[in-house]
There are 2 protein chains.
Amino acid sequence: MASLGELERAVMDLLWAGQEAATANTLRDRLARSSAAQGGAGHEGKELAVTTVLTVLSRLEKKGLVERERGTRPHRYQAVSSRADHTAELMHEVLGSAPDREAVLARFIGSVSEGEAATLRKLLGHL
Amino acid sequence: MASLGELERAVMDLLWAGQEAATANTLRDRLARSSAAQGGAGHEGKELAVTTVLTVLSRLEKKGLVERERGTRPHRYQAVSSRADHTAELMHEVLGSAPDREAVLARFIGSVSEGEAATLRKLLGHL
DNA sequence: GTTAGAGTTCTACGGAGCGTAGAAAACTGC
DNA sequence: GCAGTTTTCTACGCTCCGTAGAACTCTAAC
């Protein structure tokens, strides 16, 4: 249960970007604006129905990616974990399904930029 | 275009395990045996139709994961890249979609086993 | 306390991906 | 040419995702 659809990802991006919990309405507006900002041909600034956003949020909640405060009346939604955490976890998931973890890591390291290699060295030094 | 279904993954696993190119029939037999080996309740040793295996192989070919020799009459199929390569590429894909790559790497490294951390250090030393 | 409006849940449809395989076509060896 | 093998075509059911109307549930104001 890892992969997200396009809209699901867009919503998560907004939740990850904003530090505060947001309501469905807020998110709908931001979605319209950010898709307009993307501009480009064929992808106009869509105004989604609020129910659409709510459906997506519910699905994300079921997937464990989003938490909602049920107390306040316009429910407020926020990401369960940061994007970095989530992405790192995803990477572990991908890696985890391999019996040859070391070989995978070798290939992975082999195609990392020099700057990131430096970062990794620093991080590994700390252990 | 990254994720695989259950059967697709099973087929890829066989192709990655065997070093030789294999025919659809061979794969069907191996699938039956390996799913039997998995044993367990509710998951008996299924005998798939060959056409099923062929369909899956075609889809994998379209996804660029599998190559087939069309010359020989029972076509022979093999994985385009090793499992390690493929998995590493997947990891890069996951990582690539993040604007905060360094933060992700930090989290990732943070939850790697000590043995693997050592491997990584060694690999990074080489650069 | 009833009601109007905002918010939420239920239900649903269409498209895509995947497991599954029969029917039909193409090929090979005899 | 023909029979058996192999491949392609077509298709169905299922699940996931985008999308949203219909129906229900609150809350605030009267």
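Letters A, B, ... are given to chains in the order of the sequence lines, protein chains preceding strands, and every chain is numbered from 1.
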Can you tell me how far P of dT20(C) sits from CD of Glu8(B), to the nearest Å?
-> 11 Å
Name all residues meeting the side chain to side chain contact (heavy atoms under 4.5 Å, CB included) criterion together with Arg28(A); count only those two or more places apart in sequence or in a different chain, and write none if there are none.
-> Asn25(A), Glu47(A), Leu48(A), Val50(A), Val53(A)
With Phe108(A), which residues qualify under ring pair (Phe, Tyr, Trp, His ring centres under 6.0 Å), at least two apart?
-> His92(B)
Taking CD from Glu61(B) and C1' from dT8(D), how many angstroms apart are they, rounded to a whole number?
-> 12 Å
Under 4.0 Å between a side-chain N/O of Thr52(B) and OP1 or OP2 of dA21(C), yes or no?
-> yes
Derivation and outcome, side-chain contact (heavy atoms from CB on, under 4.5 Å), residues Ser113(A) and Arg101(B) | CA-CA 11 Å; Ser113(A) 80; Arg101(B) 296 167 62 99; 5.8 Å; no
What nucleic acid atoms does Thr55(A) come within less than 4.0 Å of, heavy atoms only: base, sugar-phosphate, or nothing?
-> base
Interatomic distance where CG belongs to Leu57(B) and P belongs to dT7(D) [whole Å] = 9 Å
Interatomic distance, Arg9(B) CZ vs dG17(C) P [rounded to whole Å] = 18 Å
Gap between atoms CZ and P, on Arg59(A) and dC10(C) respectively (whole Å) | 13 Å
Send over the distance from Glu47(B) CD to dT20(C) P, rounded to a whole Å.
-> 13 Å
Which nucleotide, dC17(D), dG19(C), dA20(D), lies nearest any side-chain atom of Ala49(A)?
-> dA20(D)
Taking only N/O atoms, report every protein-nucleotides 4-8 of chain C pair under 3.5 Å with atom names and distance.
| unit_1 | atom_1 | unit_2 | atom_2 | d |
| --- | --- | --- | --- | --- |
| dG7(C) | OP2 | Asn25(A) | ND2 | 3.3 |
| dG7(C) | O3' | Arg73(A) | O | 3.2 |
| dT8(C) | OP1 | Arg73(A) | O | 3.0 |
| dT8(C) | OP1 | His75(A) | N | 2.4 |

Those residues at least two apart in sequence (or on a different chain) that pass side-chain hydrogen bond (donor to acceptor under 3.5 Å, both in side chains) with Thr52(A) are none
All salt bridge (charged side-chain N to carboxylate O under 4.0 Å, His left out) counterparts of Glu8(B), not counting sequence neighbours | Lys63(B)
Output all residues satisfying side chain to side chain contact (heavy atoms under 4.5 Å, CB included) with Ser81(A), sequence neighbours left out; order by chain, then residue number.
-> Asp85(A), His86(A)
Whole-Å distance separating the CD atom of Glu6(B) from the P atom of dG17(C) = 19 Å
Rounded to whole angstroms, how far apart are NZ on Lys63(B) and C1' on dG19(C)?
-> 12 Å
Nearest-0.5 Å distance, OG1 of residue Thr119(A) to CG of residue Leu105(B) = 7.0 Å
